[in-house]
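What follows is a set of notes on a single structure, which appears directly below.
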Amino acid sequence: MEQKKFIRSIYGCLERIENTVNGLSMPQSAEGNSEADNSANETALQEFEQNLNGIKAAFKRFLESIATLR
C-alpha cells in the first residue's frame, strides 16, 4: 500500500516535469518581451528543479521502504 503511494507521488512529479519541459519548448513570440520571456523561463526552471528534487526524495523513500521489507 505504501509503495503505491510512493509510485503515485513519483508519477505526479514526472508529469509536472513533463508539463514544464513542454512549456519551455514552446516557440517564443517575435514580439515578446525578452525580459518577460527570461522571467518565465527562470520560473519554469525553478519549478522543474523543485519537481526533480521531489522525485529524488520520493525515490529515496521508496528505496528505504523496499530495504525495510527485505
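Throughout, residue positions are numbered sequentially from 1 according to the sequence presented. Keep in mind that the numbers below use all heavy atoms, side chains included, and drop hydrogens, waters and symmetry copies. On a predicted model such as this, the values are computed, not experimentally measured, just so you know.
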Original post:
Which value, rounded to the nearest 0.5 Å, describes the distance between I66 atom CD1 and R61 atom CZ?
Top reply: 13.0 Å

**OP:** Answer yes or no: are there more than 12 heavy-atom neighbours, outside E64 itself, under 6.0 Å from its atom CD?
**Re:** yes

**OP:** Calculate, to the nearest 0.5 Å, the distance between atoms CG and CG belonging to L52 and L14 respectively.
**Re:** 9.0 Å

